[in-house]
Amino acid sequence: MPNLSSKLFQVAKQHIPGGVNSPVRAFRNVGGEPFFIRRAKGCRITDIDGKTYIDYIGSWGPNILGHAPTVITNTIHEVAKDGISFGIPNPFEVEMARTICGWVPSVEKVRMTSSGTEATMSAIRLARGFTRRDLIVKFEGCYHGHSDSLLVAAGSGALTHGQPDSAGVPRAFAEKTLVLPYNDHAALTALFQEKGELIAAIIVESYPANAGLIFPGPGYLQLLASITRRYGALLIFDEVMTGFRLGKAGVQGLENISPDLSCFGKVIGGGLPVGAFGGRAEIMDMIAPLGPVYQAGTLSGNPLAMAAGLAQLRELEKTSGFARLDILGRHFETGLRALMEQKGIPHRIHRTGSMFCLFFTDREIINVADVMQQDLDLFKKFFWACLERGVYIAPSPYETGFLSLAHTEADLDDTLTVFAEALAHI
Ligand SMILES: *Cc1c(COP(=O)(O)O)cnc(C)c1O
């Protein structure tokens with residue numbers, strides 16, 4: 001029976017490649033078609049056919065207070081009355097910079113962008129400009145947006161010959177990006193012994209969360225920090241997903257690491273398009289107009305996005321939001337573990353604060369190769385069975401789930417009931 005979403009998707013496909021403006025939305029990893037959202041409030045989204053779901057995506061991370069929180073919608077209404085974008089400095093961007101520098105000790109200066117992709121792309125350029133070196137090290141399964149230098153995550157053996165992940169990325173660019181398996185101390189040490197003096201920076205997702213959710217093993221982040229320092233390279237923490245989600249100072253605060261540069265996005269924009277990169281003043285002062293590294297943006301720091309982001313950060317602070325999110329996360333994790341054990345399904349559950357991932361494998365997850373061992377068929381069936389019952393989890397087994405302050409214990413319990421029913425029917 002064709003519903004409104006299905007009809008609209010046919011139209012969308014005629015005018016938008018694949019019918020979507022970002023690939024994972026096309027549901028290719030689960031087979032089938034996406035649905036279109038009419039409205040969202042709190043932890044719930046409603047599609048154009050009128051069906052409502054409890055949502056565990058939160059726009060892929062930004063909506064940490066839930067959808068359309070009044071503090072943000074009111075702020076947007078108020079600020080917009082005085083103008084939407086000027087391309088001239090405004091007070092909100094100064095307040096945003098002060099807030100970031102105040103919350104994240106390693107950041108002395110910060111520049112705003114309009115997306116996480118721009119933030120990481122600019123941080124890489126800055127690291128290259130500062131060190132006068134070309135090579136970048138990244139890790140398999142880490143996603144840093146879609147700029148040329150960073151769309152390289154090709155599998156094993158890509159260590160010395162970067163293999164682009166996308167057509168259109170010249171091999172000559174990809175070769176400047178060296179890819180290593182995550183959590184592998186020996187591979188990292190060996191690479192720096194061979195090429196350390198040529199390496200501008202390591203960029204790493206502070207907790208890799210774009211290939212499931214993976215945690216650094218003991219001493220791994222410390223090794224990244226010490227080896228970059230020893231060889232005069234920079235350590236770039238990509239906290240686009242984790243920043244302002246797990247605590248005021250992100251993973252670097254939790255793990256007590258001081259990266260040279262950090263990238264932010266998602267939560268910092270309150271649902272509007274925002275990114276940021278910052279770090280030591282000595283490095284940041286290499287950016288134009290002070291220094292030779294060019295970086296710019298027509299809408300960067302616009303008052304609407306800055307005010308929305310600030311409203312979100314203030315609310316998190318005022319409500320002790322991170323502590324509350326951890327309580328919610330713990331509650332959900334406990335229930336989910338009990339459920340999976342009761343059902344006897346091989347699984348791993350990774351959770352930190354309000355971020356979680358359920359893997360359909362009993363293999364220990366330390367890098368992306370482990371993530372790939374999941375029972376994908378089981379995940380697909382689970383996804384559709386949950387969706388049918390009104391729970392929306394990411395349409396891919398390689399994504400992290402998000403709780404928001406709008407989820408209640410009752411919502412989480414209802415979700416676990418849906419999970420139990422879904423597992424019983426697949
Ligand atoms: C989402 C994400 C990005 C890219 O941000 P966009 O705003 O989508 O460009 C970069 N790095 C990480 C870790 C992300 O999760």
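Throughout, residue positions are numbered sequentially from 1 according to the sequence presented. Counting starts at 1 for both ligands and their atoms, following the listed order.
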Would a distance-only check, ignoring hydrogens and angles, find a side-chain to backbone donor-acceptor pair under 3.5 Å from Q373 to R363? no
Would you say the side-chain atoms of R337 pair up with the backbone N or O of I349, donor to acceptor, closer than 3.5 Å? yes
With heavy-atom distances below 4.0 Å as the criterion, list the atoms of ligand 1 near Y143. 11 (N), 12 (C), 13 (C)
Atoms of ligand 1, numbered as shown, that sit under 4.0 Å from any heavy atom of S115: 7 (O), 9 (O)
Would you indicate which of M241, K266, E399 comes nearest to atom 14 (C) of ligand 1 when only heavy atoms are counted? K266
Under the 3.5 angstrom rule, does the side chain of R133 hit a backbone N or O of I199 as a donor-acceptor pair? yes
Considering the options Y220, Y207, Y182, which one meets the ring pair (Phe, Tyr, Trp, His ring centres under 6.0 Å) requirement together with F215? Y207
Which residue and non-hydrogen atom of the protein lie closest to atom 11 (N) of ligand 1, and at what distance in Å? D238 OD2, 2.7 Å
For ligand 1, which atoms, with element, lie under 4.0 Å from some heavy atom of E205? 13 (C)
Just need the protein heavy atom nearest to atom 3 (C) of ligand 1, so name the residue and atom and give the distance. V240 CG1, 3.7 Å
Flag N210 as yes when one of its N or O atoms lies below 3.5 Å from any N or O atom of ligand 1, and as no otherwise. yes
Of the protein's non-hydrogen atoms, which lies at the shortest distance from atom 8 (O) of ligand 1, and what is that distance? T117 OG1, 4.5 Å
Donor-acceptor pair, E255 side chain versus L221 backbone, under 3.5 Å? no
Check: N210 side chain, G145 main-chain N or O, donor-acceptor pair, under 3.5 Å: no
Are the aromatic rings of Y56 and F332 close, with centres under 6.0 Å apart? yes
Identify, for atom 6 (P) of ligand 1, the protein heavy atom at the shortest distance, and state residue, atom and that distance. G116 N, 3.5 Å
